[in-house]
Amino acid sequence: MRRPRSTVGASEVSTAGTPVGRGAHRTPERISDMSDLRSAQWYVGDDRNAYIHRAWMRRGLPASAFEGTRPHIAIANTASDLVPCNMHLGEVARSVSNGIHEAGGIPLELPVMGLGETLVRPTAMLWRNLAAMQMEEMVRANPVDGVVLLGGCDKTIPSLLMAAASVGIPALVVPGGPMLSGTFRGKPLGCGTDVWKLSEDVRGGGLSEKDFLASESSMIRSKGHCNTMGTASTMGLVAEALGMVLPGLAGTPAPDARLLEGAHASGRRIVEVVGEGLTPQRVITEASVRNAIVALAAIGGSTNAVVHLLAIAGRLGLDISLDDFDSVGADVPLLVNLQPSGQHLMDDLFRAGGFLAVLKEVRDLLDTSALTVSGRPLVDHLEDARSWDHDVIATREEPLQEKAGIAVLRGSLAPGGAIVKPSAATPALLQHRGPAVVFDSIEDFRARIDDPDLEVDEHSVLVLRGCGPKGYPGMPEVANMPLPRKLLERGVRDMVRICDGRMSGTAYGTVVLHVTPEAADGGPLALVRTGDIVVLDVAARRLDVEVDAEELASRTPDEATLAGCAKPERGWQRLYVEHVTQASTGADLDFLVGASGHEVHRESH
Ligand code: FES
């Protein structure tokens with residue numbers, strides 16, 4: 001097969017346009033300029049090393065594959081039998097591979113670390129930075145010119161984006177897509193959200209264990225990731241708002257044939273993206289992160305997106321802080337009626353017009369300069385979008401909620417910041433004053449929460465500490481603490497809860513999370529005592545404990561509090577605890593913040 005002299009035009013999904021910026025100088029003809037392709041450093045030449053690199057990779061490929069004129073594209077695949085939400089990505093990879101080949105590139109599948117949210121102990125978040133570091137180093141170390149990122153389950157897209165941002169070679173994301181809606185006894189069943197609801201019903205006496213277990217096989221109905229607006233769905237859509245997905249592709253259900261069509265188009269498009277030199281640095285900018293924050297609020301997205309976006313922005317040195325989530329997103333209306341903030345599931349969002357129809361409603365809030373991997377600005381892709389079902393995608397004139405963005409709180413209990421998601425909270429609890437009931441660890445919580453003698457009522461504030469990045473370690477999704485059984489039996493379904501950990505994107509309730517500094521990092525959360533009065537005032541963006549500042553400063557954490565924080569002695573956990581930053585800056589490792597670049601000059605032999 002003759003190598004192409006020009007790239008092939010992308011399909012309708014890619015809507016590729018005129019290259020801009022650096023790409024404007026890199027015409028399709030220049031793809032054949034061997035000095036421009038990174039892989040040519042390995043393969044082109046008459047020396048012994050080039051011989052070795054070519055010889056071991058030939059395996060049926062034509063000589064034209066190694067002349068430095070055809071981009072070598074890695075397909076970074078997080079599929080694994082232990083990542084159930086990503087199991088189908090092998091099929092997606094084949095479509096990407098076909099597209100790359102068709103456009104004249106050389107597709108290379110690169111298995112990278114995947115994380116199964118429901119399985120991995122102690123929490124998948126502990127391993128996000130390791131997955132990002134592994135992927136970053138594998139891309140740097142290998143002869144690739146571009147990379148297609150295949151992710152789905154919660155931590156996979158964030159880790160891939162963090163890595164791609166650091167390496168800085170052209171990249172785009174193909175989100176694996178959500179599973180179909182589950183149903184149980186005639187009603188839709190949302191994964192995650194309905195687990196929390198049904199299990200609370202069991203604890204409250206409203207549902208038998210037999211009925212609860214009967215719902216188990218109805219929840220996960222097909223391939224794909226969680227079908228609620230949890231973290232996986234959120235991060236797929238956020239990646240598209242960032243510009244890293246071909247517009248219109250994110251949110252396509254995993255079993256839908258259009259996912260494979262989009263994957264094929266993404267394979268074709270990445271070859272052009274390499275030709276245009278369209279690196280993540282040119283796509284993920286302050287403007288595109290602000291667009292992602294607007295989108296996050298409009299979709300009622302997961303609070304986990306805050307920590308992931310901060311980490312991605314940190315890799316690129318962008319001027320984005322925790323406060324931007326409030327200043328940019330807080331006044332954005334909630335437009336998407338999906339669990340956990342609403343009723344429907346991801347399949348319904350796709351049927352109703354999809355993500356672009358949502359973005360069209362907030363078009364005036366989007367930065368028109370932010371590019372996408374299509375080569376054109378995000379807003380250029382909104383013209384034909386429309387909502388076909390206003391019960392799923394509300395109009396701007398009649399939103400589901402006027403102001404839905406994440407609120408950033410500060411005060412004597414969270415001097416470095418904490419967040420709350422008002423759209424998933426009980427409005428009456430957003431202003432609340434009550435006595436703290438403090439737990440030093442998740443084990444302490446589980447041991448005492450259903451104790452009939454525990455002094456707690458619906459006005460109490462449940463405080464859980466030892467669950468931050470250092471303390472657990474890894475910042476697990478435990479902040480949406482189950483309510484005390486005796487209150488559930490009385491019909492109480494929400495209380496103010498405060499934690500230095502995270503909560504599942506599928507969870508709901510008046511939960512203040514990501515409290516910074518965490519208890520294990522010397523935060524005042526470690527000093528609160530049961531009975532102290534805690535004041536939450538979301539309108540004023542305050543989270544305080546009514547203890548005199550001098551008295552609070554004079555307290556020291558007691559032994560039980562210190563015992564609730566982990567002190568790992570070896571391996572990744574030790575490295576992690578010694579270097580992880582706080583949630584307010586993305587919980588990345590301090591030595592991974594910033595970019596590595598892709599140059600590696602030394603040879604292995
Ligand atoms: Fe994988 Fe929910 S467990 S996305």
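Every number for a ligand or one of its atoms is a count from 1 in the order of the listing.
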Are Glu117 and Lys155 within salt-bridge range, i.e. N to O under 4.0 Å? yes
Can you list the ligand 1 atoms lying under 4.0 Å from a non-hydrogen atom of Ala232? 4 (S)
Do me a favour and list the nearest non-hydrogen protein atom to atom 2 (Fe) of ligand 1 with residue, atom name and distance? Cys226 SG, 2.1 Å
Just by distance, with hydrogens left out, do Ser374 and His381 show a side-chain donor and acceptor under 3.5 Å apart? yes
List ligand 1 atoms under 4.0 Å from Thr118, heavy atoms only on the residue side. 3 (S)
Can you sort out which atoms of ligand 1 are near Glu117, meaning under 4.0 Å from one of its heavy atoms? 3 (S)
Per-atom contacts of ligand 1 with Asp154, taking only distances under 4.0 Å to non-hydrogen atoms: 2 (Fe), 4 (S)
For residues Met162 and Asn129, determine if any side-chain heavy atom of one lies less than 4.5 Å from a side-chain heavy atom of the other. yes
Restricting to heavy atoms, the pick from Pro178, Cys85, Cys191 nearest atom 3 (S) of ligand 1 would be Cys85
Any N/O/S of Cys153 under 2.8 Å from atom 2 (Fe) of ligand 1? no
Are any non-hydrogen side-chain atoms of Leu349 and Leu338 less than 4.5 angstrom apart? yes
Under 4.0 Å from one or more heavy atoms of His225, ligand 1 contributes atoms 4 (S)
Strictly by modelled atom types, are His344 and Asp391 linked by a side-chain donor-acceptor pair under 3.5 Å? yes
Are a donor atom and an acceptor atom from the side chains of Gln339 and Asn227 found within less than 3.5 Å of each other? no
